[in-house]
Amino acid sequence: MKGIDHIGIAVNDLDSASATYERLLGKPRYKTEHVEAEEVKTAFFSCGDSKIELLESAHENSTISRFIGKRGEGIHHIAFQVDDIREEIRRLKAAGFDFSVEEPRVGADNKLFCFLHPRKTHGVLVELCQEIKEATDRRGKSFD
Ligand code: ZN
C-alpha cells in the first residue's frame, strides 16, 4: 500500500456538493466523470497527495443510491493506492480478507480498482486502486 489515493463521499447532488467542497478546499474540482459501468457520476478534487471523490448515483438502484438510502450522505469508501493490484489481491486474500469483486475493473480517474468486503475491515469499505500502466508510462519514469 503506497498511501491513501482518495476518500469517496456519497452525495445527493454532485453540483451542490462540488460547490461545497470547492469552498472547503479552496479550489475547483479538476475532473468530472460519468462512469456508466458503475452507475455513478464523480467529481475529483486534489488535496495534497490525496484526492476527494464525490459520488452521485446515476441510477435509481445503484450502489450509491442504496448506500444513501440506508445511511444518508457521507463517507462511502477509502481508497489505497497500490503498485500491482493483482499482487495485493493475492496478498490480502492470503491474509484473510474478502473481496466484493475480485477481478479489478477500470473505473474513474483512469484507475484499475476493486473493493474489499467491509465485514473484515471493521465496517469500512476499502478500495484498492492502481494507475493504469499506459498512463503511468505516459507520465515518464521521473517519479522513481
Ligand atoms: Zn473510489
Under the side-chain contact (heavy atoms from CB on, under 4.5 Å) criterion, do M1 and R91 qualify, and how do the steps go? CA-CA 11 Å; M1 304 271 191; R91 181 181 76 80; 4.1 Å; yes
Does the ring pair (Phe, Tyr, Trp, His ring centres under 6.0 Å) test come out yes or no for F99 and F97, once each step is laid out? CA-CA 7 Å; F99 284 81; F97 292 96; 8.1 Å; no
Verify the neighbour count for atom CZ of R66: are there more than 12 heavy atoms of other residues, nucleotides or ligands below 6.0 Å? yes
Is the number of heavy atoms from other residues, nucleotides or ligands within 6.0 Å of NZ (K2) greater than 12? yes
Which is it for L116 and S100 under the side-chain contact (heavy atoms from CB on, under 4.5 Å) test, yes or no, and what are the steps along the way? CA-CA 6 Å; L116 275 76; S100 337; over 6 Å; no
Give the cluster check for I52 versus V124: same hydrophobic cluster or not, with ILVMFWY residues linked at side-chain heavy-atom distances below 4.5 Å. yes
Give a yes or no on whether the backbone of G123 and the side-chain of T121 come within a donor-acceptor separation of less than 3.5 Å. no
Distance col, row K31:NZ vs F45:CZ, nearest 0.5 angstrom, shows 13.5 Å
Of I7, I9, T20, the residue whose pairing with L54 passes side chain to side chain contact (heavy atoms under 4.5 Å, CB included): I9
Less than 3.5 Å apart, any donor N or O on the side chain of H6 or E127 sitting next to an acceptor on the other? yes
Measure up the H76 and F67 rings against each other and bin them: parallel (under 30°), tilted (30 to 60°), perpendicular (over 60°). perpendicular
Non-hydrogen atoms of S16 and D13 that approach each other most closely: N-OD2, 2.7 Å
Are the side chain of Q81 and the backbone of L128 linked by a donor-acceptor contact shorter than 3.5 Å? no
Atom CD1 of residue position I75 - does it have more than 12 heavy atoms of other residues, nucleotides or ligands inside 6.0 Å? no
Got P104 and R86 here, is their nearest side-chain heavy-atom distance under 4.5 Å? yes
Above 12 or not: heavy atoms from other molecules or residues under 6.0 Å from CZ of F115? yes
Strictly distance-based, threshold 3.5 Å: is any side-chain N or O of K27 a donor or acceptor partner for the main-chain N or O of S46? yes
If only atom types and distance count, is the side chain of H117 paired as donor or acceptor with the main-chain N or O of R119 below 3.5 Å? yes
Test log, rule side-chain contact (heavy atoms from CB on, under 4.5 Å), inputs I78 and I4: CA-CA 7 Å; I78 297 179; I4 293 179; 4.2 Å; yes
Are any non-hydrogen side-chain atoms of V40 and S57 less than 4.5 angstrom apart? no
Under the 3.5 angstrom rule, does the side chain of T42 hit a backbone N or O of E33 as a donor-acceptor pair? yes
Would you call R29 and D15 a salt bridge, using N to O less than 4.0 angstrom? yes
Is there side-chain contact between N12 and I68, with at least one heavy-atom pair below 4.5 Å? yes
Single-linkage hydrophobic cluster L112~L125, side-chain heavy atoms < 4.5 angstrom: no
If you measure from CD on E36 to NE2 on H59, what distance do you get to the nearest 0.5 Å? 6.5 Å
Could you give me the CA-CA distance, side-chain angles and deciding distance for Q130 and F113, then say whether side-chain contact (heavy atoms from CB on, under 4.5 Å) is met? CA-CA 6 Å; Q130 179 209 306; F113 75 98; over 6 Å; no
For the SG atom of C114 and the CG atom of L92, what is their distance to the nearest 0.5 Å? 8.5 Å
Just wondering, more than 12 heavy atoms not from K93 lying within 6.0 Å of its NZ? no
Determine whether V126 and F80 make a side-chain contact, defined as any pair of heavy atoms from C-beta on separated by less than 4.5 Å. yes
I'd like to know if the side chain of E56 and the backbone of V11 have a donor-acceptor N/O pair within less than 3.5 Å. no
To the nearest 0.5 Å, atom NE2 of H34 lies from atom CG of L14 at 10.5 Å
Can you measure from CD1 (I85) to SG (C129) and round to the nearest 0.5 angstrom? 7.0 Å
Path from V82 to V106 over hydrophobic side-chain contacts below 4.5 Å: yes
Tell me yes or no: between the side chains of E53 and H77, is some donor less than 3.5 Å from an acceptor? yes
Is a donor on one side and an acceptor on the other found under 3.5 Å between the side chain of S62 and the backbone of A58? no
